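Below is one structure, written out as structure tokens, with a few remarks after it.
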Protein chains: 2
Amino acid sequence: MATIYDVSVLAGVSLATVSRVMNNSGNVSDKTRKKVEAAMDELGYRPNTVAQSLASNRSNSIGILVSELYGPYFGQMMSGIEAEVRAAGKHVIITTGHSEAQKEQAGIEFLLSRKCDALILHVEAVSDDYLITLCKQSVPVYLVGRFVPELAERCISLDNRLGGYLATKTLLEHGHRDIAYISGPLFKPDARHRLEGHKQALAQYNIIFENTLFFEGDFNETGGEQGMAAFANTGRPFSALCCANDETAAGAMEYGRKLNLDLPNQLSVIGFDNIIVANYLYPRLTTIENPIMAMSQMAAKLMLKQVYQQKNGSIQHVFEPKVIMRDSLIRHTQ
Amino acid sequence: MATIYDVSVLAGVSLATVSRVMNNSGNVSDKTRKKVEAAMDELGYRPNTVAQSLASNRSNSIGILVSELYGPYFGQMMSGIEAEVRAAGKHVIITTGHSEAQKEQAGIEFLLSRKCDALILHVEAVSDDYLITLCKQSVPVYLVGRFVPELAERCISLDNRLGGYLATKTLLEHGHRDIAYISGPLFKPDARHRLEGHKQALAQYNIIFENTLFFEGDFNETGGEQGMAAFANTGRPFSALCCANDETAAGAMEYGRKLNLDLPNQLSVIGFDNIIVANYLYPRLTTIENPIMAMSQMAAKLMLKQVYQQKNGSIQHVFEPKVIMRDSLIRHTQ
DNA sequence: TTGTAAGCGTTATCAA
DNA sequence: TTGATAACGCTTACAA
């Protein structure tokens, strides 16, 4: 592999000049530039980014941490960020945290050790305090899908409480009064906030929250299935089911069909996130929009603005969810 | 950030000794090791991986190229590889090619410039020749989901021809004779091979391939919708639809429902890939299993074996697809 | 406009 | 078992 030294020899100039040509920095005469570029071409020269990072303490790459590499939520997040970052001529380095504090920290360490210019994180397990300490270090950190009051300026988040509230309120407005709820794992802030919104809507209609109508799932299909099984077991009747995300709803609906429930006539269902699949479930899933793609792109824009001084429009920090009406939710009839 | 130098001063030893402790290389007395470790702890020392890579010409990271960061296919691929690689104490660096030759090459350049120890690629647009040249360079390269005869030892692939054949044969065995086909983009080898298998099955039953029953889609829902719209336009009747992947099938089924088709009674559908969603479509999608997760893990194992001398079991290079029967395909009745 | 030379934080080869 | 010291390939003052 050719190095900058080989290029300088072939072009008959110094290392510094080659470097200047590469980086468009300093003043280089047209003639020398041409010579250097010719030499680069001839040698098929590619800069060694590792050496560049070490010398310049910049890497032109952005570290991203997601909980998982699969699934529509993180898929949209990763590709939303990557599109923005790539358009700016930078690269992403992606790693995972698996929603475990220790792995999240290890992932962040990895990104830091690679000298990323900035981090964009979706963390669910590490504490606010950890994040606050992290943000005091020299690398700029941005959080998507999480709100830490002390770091509000670095957060791009969804109002999950409002989302949870809207979901349940929509069911209530359609005449439902017996509403079951399958949440996500409650150690995750998103799951907690959505549940709070649910309770708030119930309270507004003077309905008491019942433990027999609550199940803590896992944000996956499995949770939906297990939740439905649990409810079927207690025998407490309900006309509507509120799921903390769409995957849970998919699992619940599938299980409901196994129980020979006629959907949506015998059971209305509402999800959360509006992942692509929601539109292909049967009946098509009514849900709450979670603009994760837009949020991720906003985080990337914020980063580009602050780290690389790009001029980007105004920044929206908190996104508001809204109801997407489809076919899985109908008016309750006696 | 503390450096190896700070550690050496605090521990009262040389740089070299600190390096030896970090890498468990050479012989270090227990006493010095303890001293060094204590110093590291005290300073919160983290090695600078960029400097390590530059000096050692190794990076302990594996470059991965996928076409997209979203979607079940690539999601499974990424997380399958990552799990194996992480278990071996190495890291992945992921980038995208967007199924365009130029972007695929740029992605590969990026991974090479970061001095990855090996590359695992899912490339669709670059030529075989390019790959053959690439494999002659010093970095080991592995290909998943693509078969290049000259590089057979580095390929982990699916027999797509067989898959395409099985799909159509299954329809034929269920009495269908008028079979429409929505393919993926034909510049992709997968799409071409699946189509070849389809034609082979037709030929075996002495059925002539008709252009009016063929549509070139995009491997996405959109392709399925457009294909169904095109078929509806020509008016050529058909009792079964063979889709080159599940996403296409999802789009086609949704569009079929818009046309008031009663599925599966008026139209049988078969997909390809068996993505998670296939199980949640209505009717549940009959499809061809594409064990992308297993294939990716196999690629990772092969890499670990060859690059890091890990002892892993035997390697399977070509995977065979099989039919997953569900509800979207029924026997054709007159 | 161009060149010289001192880092950047490690690894690895010699000696000791 | 340890320590000097020369790479690794590039950036970036500072000089010329």
Side-chain angles (χ1 to χ4, degrees), chain A residues 1-40 43-61 91 109-117 138-139, chain B residues 1-37 39-40 43-61 91 109-110 112-117 138-139:
Chain A
M1 204 65 197
T3 71
I4 194 174
Y5 176 78
D6 303 323
V7 176
S8 75
V9 170
L10 182 59
V13 298
S14 72
L15 293 183
T17 302
V18 178
S19 176
R20 288 188 191 103
V21 171
M22 280 173 53
N23 299 294
N24 287 314
S25 64
N27 291 324
V28 182
S29 75
D30 254 24
K31 212 168 64 185
T32 349
R33 160 165 284 117
K34 295 262 187 276
K35 267 198 305 191
V36 171
E37 283 169 347
M40 287 177 165
L43 293 170
Y45 170 74
R46 299 282 159 211
N48 178 329
T49 57
V50 172
Q52 286 181 316
S53 300
L54 183 61
S56 67
N57 207 29
R58 276 180 281 97
S59 65
N60 286 318
S61 58
H91 282 97
E109 294 280 2
F110 170 71
L111 296 173
L112 290 176
S113 82
R114 293 217 105 74
K115 301 295 165 199
C116 292
D117 295 343
S138 55
V139 180
Chain B
M1 203 66 196
T3 71
I4 195 174
Y5 176 79
D6 302 323
V7 176
S8 75
V9 169
L10 183 58
V13 298
S14 71
L15 293 183
T17 301
V18 179
S19 176
R20 287 189 191 101
V21 171
M22 280 173 52
N23 300 294
N24 288 314
S25 64
N27 292 324
V28 183
S29 74
D30 254 24
K31 211 169 65 186
T32 4
R33 158 164 284 116
K34 295 264 187 274
K35 267 197 307 189
V36 171
E37 283 169 348
M40 286 177 165
L43 293 171
Y45 170 74
R46 298 283 158 209
N48 179 331
T49 56
V50 173
Q52 286 181 315
S53 299
L54 183 61
S56 67
N57 207 27
R58 275 182 281 96
S59 65
N60 286 318
S61 59
H91 282 97
E109 294 280 1
F110 169 71
L112 290 176
S113 80
R114 293 216 108 72
K115 302 294 165 198
C116 292
D117 295 343
S138 55
V139 180

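Computation of the quantities below employed the complete heavy-atom set of this structure, encompassing side-chain atoms and omitting hydrogens, waters and symmetry-equivalent molecules. Just so we're clear, the structure is a prediction, and the values are computed from it rather than from any experiment.
Neither OP1 nor OP2 of D/dC10 sits under 4.0 Å from any side-chain N or O of A/Thr49. Put simply, A/Tyr5 has no side-chain N or O that comes within less than 4.0 Å of OP1 or OP2 on D/dA7.
Only one option out of A/Val9, A/Ile4, A/Val28 pairs with A/Val18 in a side chain to side chain contact (heavy atoms under 4.5 Å, CB included); it is A/Ile4.
Summarising the geometry, the separation between CG on B/Asn60 and C1' on C/dT10 is reported as 13 Å, rounded to the nearest angstrom. In this structure, the CG atom of A/Leu112 is 16 Å from the C1' atom of C/dG9, given to the nearest Å. The distance from atom CG of A/Leu43 to atom C1' of D/dC10 is 16 Å, rounded to the nearest whole Å. Counting to the nearest Å, the P atom of C/dA16 and the CG atom of B/Asn27 are 20 Å from each other. Straight-line distance from the CG atom of B/Asn24 to the P atom of D/dT1: 14 Å, rounded to whole Å. Taking atom CG on A/Asn57 and atom C1' on D/dT11, their separation rounds to 11 Å, with Å as the unit. Distance, A/Lys35 NZ to C/dT2 C1': 10 Å, rounded to whole Å. Here C/dT10 presents its P atom at 9 Å from CG of A/Leu54, a figure rounded to the nearest Å.
Picking from C/dT1, C/dG9, C/dT10 the nucleotide with the shortest atom distance to the side chain of B/Ile4 gives C/dT10. Residue A/Thr17 places its side chain closer to C/dT2 than to any other of C/dT2, D/dT2, C/dG9.
With hydrogens and angles disregarded, a donor-acceptor distance shorter than 3.5 Å links the side chain of A/Asn23 to the backbone of A/Ser19. For A/Asp117 (side chain) and A/Asn60 (main-chain N/O), a donor-acceptor pair under 3.5 Å exists by modelled atom type. Remark: the backbone N or O of B/Asn48 is not paired with any side-chain donor or acceptor of A/Ser113 at under 3.5 angstrom.
Nucleic acid contact for A/Asn48: sugar-phosphate only, since backbone atoms but no base atoms lie under 4.0 Å from a heavy atom of the residue. Looking at heavy-atom distances under 4.0 Å, B/Val13 makes contact with sugar-phosphate atoms alone, never a base. The residue B/Arg46 sits close only to the backbone: its heavy atoms come under 4.0 Å of sugar-phosphate atoms, none of a base. Here A/Thr32 lies in heavy-atom contact (under 4.0 Å) with sugar-phosphate atoms only.
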Under 3.5 Å, which N/O atoms of the protein pair with N/O atoms of nucleotides 12-15 of chain D?
unit_1 : atom_1 : unit_2  : atom_2 : d
D/dT12 : OP1    : A/Arg58 : NH2    : 3.2

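A pairwise comparison of heavy atoms in B/Leu15 and B/Ser8 identifies CD2-OG, 3.7 Å as the closest pair.
Side-chain contact of A/Ser53 with A/Ser59: a donor-acceptor pair under 3.5 Å is absent, judged by distance alone.
Not counting sequence neighbours, A/Tyr45 has no partner by the ring-ring contact (aromatic ring centres under 6.0 Å, His included) test.
Mapping B/Ser14 and A/Tyr45 onto DNA chain D via the closest heavy atom, the residue that lands nearer the 5' end is B/Ser14.
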